[in-house]
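Here's the structure we're looking at; comments come further down.
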Number of protein chains: 2
Amino acid sequence: MSQTSKYIRPLVAVDCLIFGFENQTLKVLLIKRKLQPYQNEWSLMGGFLKDKESADEAASRVLKELTGLEGIFMEQIATFSKFDRDPAERTISIVYSSLIDISKFEAQLNHAYEAHWFKVDEIPALIFDHEEMVAVGRDYLKKKAALQPILFELLGEKFTIPQIQQLYEEVFESSFDKRNFSRKLLGSKLLHKLNEKDKSGSKKGAFYYELDKQTNHYNFNTLLTLAYSQL
Amino acid sequence: MSQTSKYIRPLVAVDCLIFGFENQTLKVLLIKRKLQPYQNEWSLMGGFLKDKESADEAASRVLKELTGLEGIFMEQIATFSKFDRDPAERTISIVYSSLIDISKFEAQLNHAYEAHWFKVDEIPALIFDHEEMVAVGRDYLKKKAALQPILFELLGEKFTIPQIQQLYEEVFESSFDKRNFSRKLLGSKLLHKLNEKDKSGSKKGAFYYELDKQTNHYNFNTLLTLAYSQL
DNA sequence: CCAAAAGTGTTGGTTCTACACCCATGC
DNA sequence: GCATGGGTGTAGAACCAACACTTTTGG
């Protein structure tokens, strides 16, 4: 096809944006870049598309290569394509995102690439347009979390109501009345109360809950009304 | 950079998915492909990324070249990247979508490429993965329309309540009680009633409304509860 | 005068926000 | 015994779904 010669053939990158929650704080996983240019600067976990590989597959491979994390379901959130976004060479980047329970994957985390969790409000300068990617990802997270009960992915098997509330407040950059929050959350029929308390946060201790797996008639829309005004 | 040689350098396409509303039906704009392979098959409006062009820019250019439509705000909705999605050559495609008032752009529509509006439920076989793109676009439209008053883009300057309701019902593939729908819609403070009726749909005629531009305290969440169960 | 679509009102139940107090415990 | 964070209850307003009848007018 001769007419395709005027069209560009860029490198295609995937960048992985992984959110986690630890010590009551929303965090993002970043690595120190090993390649030139911008060696030793912080960035998302990125790599290039190979032959016969879809972007979904590339994202999983790249994440594993750079962090050791495996079996994490990521979702495509956006594609960045400004012609000068990578000064070295024309590159477009497809961004993938996921939410994980930090403690669950701690053992898997390979520190060869100096992967570190940063609080979302204390993210260092990032290469290229990666800061914009994080911003787009946070926005996506809000919209998604408003409509679906996905934030539980960030918590462990068991968690307390004050913990979940803190997570919601971090994600929506807002604060909620604890009485209303807890009523709505319990009203969702998503949780099952355990006979065990987390005493790390207070003297009294807060009861643990777990996700109720068999419930199939949950009412998530009650939580939506909380989040709606923050979208 | 020698290590980049193992990475692919595919063509990068943009495909435009344009929704419109006409005769109480949600429609999609398609063209008959002029290029080999799959000449004369129906497809979205697509083209390739050029030098120094971002995907956003390419999408606007391609849409204009193939249909004559200009000044349409499109949003990026997803990127398709399976390695064999285009049998001729490795190509990834970034899909953009928009909602337009068909009658407003009718004059601009250049029929050189045989652009036609198809009802969403009567879309012919499409090339490559374009049918999947339409499906993803419809899903995106639902989510977006549930959270924001965007469907008005599909209607003209003035419209009647039964018209809007029909549009909502098409988009959400559902039906709503007209009394509740109209109460919520008017309660949103988004509309301004005109002293004029549309008599084309009934003997009695339905009053026209227009978008109230100055209102900045609208209550869109009331409409959300209608749509929520369809997401 | 009648068919066909527009328009409107009510009710009982549910959920909303806003708010203040008691509880359990470790120190 | 007190400071700290956990947990709950209430009231009045707003909103919800479900439902049936009247209005207008072209034919």
Side-chain angles (χ1 to χ4, degrees), chain A residues 23-25 146 155 158-170 172 174-210 217-231, chain B residues 23-25 146 155 158-169 172 174-209 217-231:
Chain A
N23 295 333
Q24 325 296 2
T25 331
L155 299 159
K158 57 190 186 186
F159 39 78
T160 67
I161 307 273
Q163 275 168 19
I164 307 178
Q165 179 165 356
Q166 203 132 8
L167 172 54
Y168 269 83
E169 292 180 345
E170 291 259 340
F172 291 105
S174 179
S175 63
F176 305 119
D177 182 281
K178 66 176 174 173
R179 291 158 289 191
N180 296 334
F181 185 86
S182 118
R183 185 164 345 99
K184 285 173 185 209
L185 190 60
L186 273 336
S188 76
K189 307 286 180 205
L190 273 164
L191 300 186
H192 174 236
K193 190 175 188 172
L194 300 178
N195 255 332
E196 193 190 350
K197 280 186 164 188
D198 168 31
K199 297 241 185 179
S200 69
S202 71
K203 322 274 170 82
K204 183 177 178 182
F207 277 104
Y208 277 119
Y209 287 77
E210 62 181 3
H217 295 301
Y218 64 85
N219 269 30
F220 191 70
N221 46 347
T222 54
L223 275 169
L224 173 53
T225 60
L226 265 184
Y228 182 78
S229 60
Q230 294 343 101
L231 298 180
Chain B
N23 295 332
Q24 326 294 2
T25 329
L155 299 158
K158 57 190 184 186
F159 41 78
T160 68
I161 307 274
Q163 274 167 20
I164 307 178
Q165 179 165 355
Q166 203 131 11
L167 171 55
Y168 269 83
E169 291 181 345
F172 291 104
S174 179
S175 64
F176 305 118
D177 181 280
K178 66 177 175 173
R179 292 158 290 191
N180 293 336
F181 184 86
S182 120
R183 184 165 346 97
K184 285 171 185 212
L185 190 60
L186 274 336
S188 78
K189 307 285 181 207
L190 273 163
L191 300 187
H192 174 235
K193 189 176 189 172
L194 300 178
N195 255 331
E196 192 188 350
K197 280 186 163 187
D198 167 30
K199 297 244 186 176
S200 69
S202 70
K203 321 275 170 78
K204 184 177 178 181
F207 277 104
Y208 278 119
Y209 287 77
H217 295 302
Y218 64 86
N219 271 23
F220 191 70
N221 46 346
T222 54
L223 275 169
L224 173 54
T225 60
L226 266 185
Y228 182 79
S229 59
Q230 311 308 324
L231 299 180

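Not measured: the values here are computed from a predicted model. Reminder, nothing fancy here: chain letters follow the sequence lines and each chain counts from 1. Below, each value reflects all heavy atoms present in this structure, side chains not excepted, and no hydrogens, waters or symmetry copies.
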Nucleotide nearest [X] when distance is taken to its side chain, options [options]:
| X | options | value |
| --- | --- | --- |
| B/N180 | C/dA6, D/dA17, D/dG7 | D/dA17 |
| B/T222 | D/dC16, C/dT25, D/dC19 | D/dC16 |
| B/K203 | C/dC19, D/dC16, C/dA4 | C/dA4 |
| B/P162 | D/dC16, C/dC16, C/dG7 | C/dG7 |
| A/S202 | D/dT4, D/dG26, D/dG6 | D/dG6 |
| B/D177 | D/dG6, D/dA17, D/dC19 | D/dC19 |

Regarding [X] and [Y], do their side chains bring together a donor and an acceptor under 3.5 Å, going by distance alone?
| X | Y | value |
| --- | --- | --- |
| A/Q166 | A/E170 | no |
| B/T225 | B/K184 | yes |
| A/T25 | A/N23 | no |

Just the rounded figure in Å: distance from [atom2] of [N] to [atom1] of [X].
| X | N | atom1 | atom2 | result |
| --- | --- | --- | --- | --- |
| B/D198 | D/dT24 | CG | P | 18 Å |
| A/L185 | C/dC16 | CG | P | 13 Å |
| B/Q163 | C/dA5 | CD | P | 14 Å |
| A/Y208 | D/dG7 | OH | P | 12 Å |
| A/I161 | D/dT8 | CD1 | C1' | 12 Å |
| A/F176 | C/dC16 | CZ | P | 13 Å |
| A/Y228 | C/dT17 | OH | P | 14 Å |
| A/Y209 | D/dG6 | OH | P | 12 Å |

Assign [X] to base, sugar-phosphate, or nothing according to its heavy-atom contacts below 4.0 angstrom with the strands shown.
| X | answer |
| --- | --- |
| B/K199 | sugar-phosphate |
| A/G205 | sugar-phosphate |
| B/T160 | nothing |

Exercise for review: Between B/K204 and A/S182, name the one whose nearest nucleotide on DNA chain D is closer to the 5' end.
Suggested key: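 Of the two residues, A/S182 wins.
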Revision key, fill the gap. On DNA chain D, more 5' by nearest nucleotide between B/N219 and A/R183 is A/R183
Review point. Do the side-chain N or O atoms of B/K197 get closer than 4.0 angstrom to the phosphate oxygens (OP1, OP2) of D/dT25?
Key: no
Exercise for review: Give a yes or no on whether A/K197 atom NZ has more than 12 heavy-atom contacts from other residues, nucleotides or ligands under 6.0 Å away.
Suggested key: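 Result for NZ/A/K197: enclosed.
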Practice item. Please assess A/E196 against A/F207 for the test side chain to side chain contact (heavy atoms under 4.5 Å, CB included), listing each intermediate value before the final yes or no. Key: CA-CA 6 Å; A/E196 193 190 350; A/F207 277 104; over 6 Å; no
Check your understanding: Ignoring hydrogens and angles, are the base of D/dA20 and the side chain of B/R179 linked by a donor-acceptor pair under 3.5 Å?
Key -> yes
Review point. Taking the inter-plane angle between the rings of B/F220 and B/Y218 on a 0 to 90° scale, is it parallel (under 30°), tilted (30 to 60°) or perpendicular (over 60°)?
Key: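 Taking B/Y218 first and then B/F220, their aromatic rings stand perpendicular (interplane angle over 60°).
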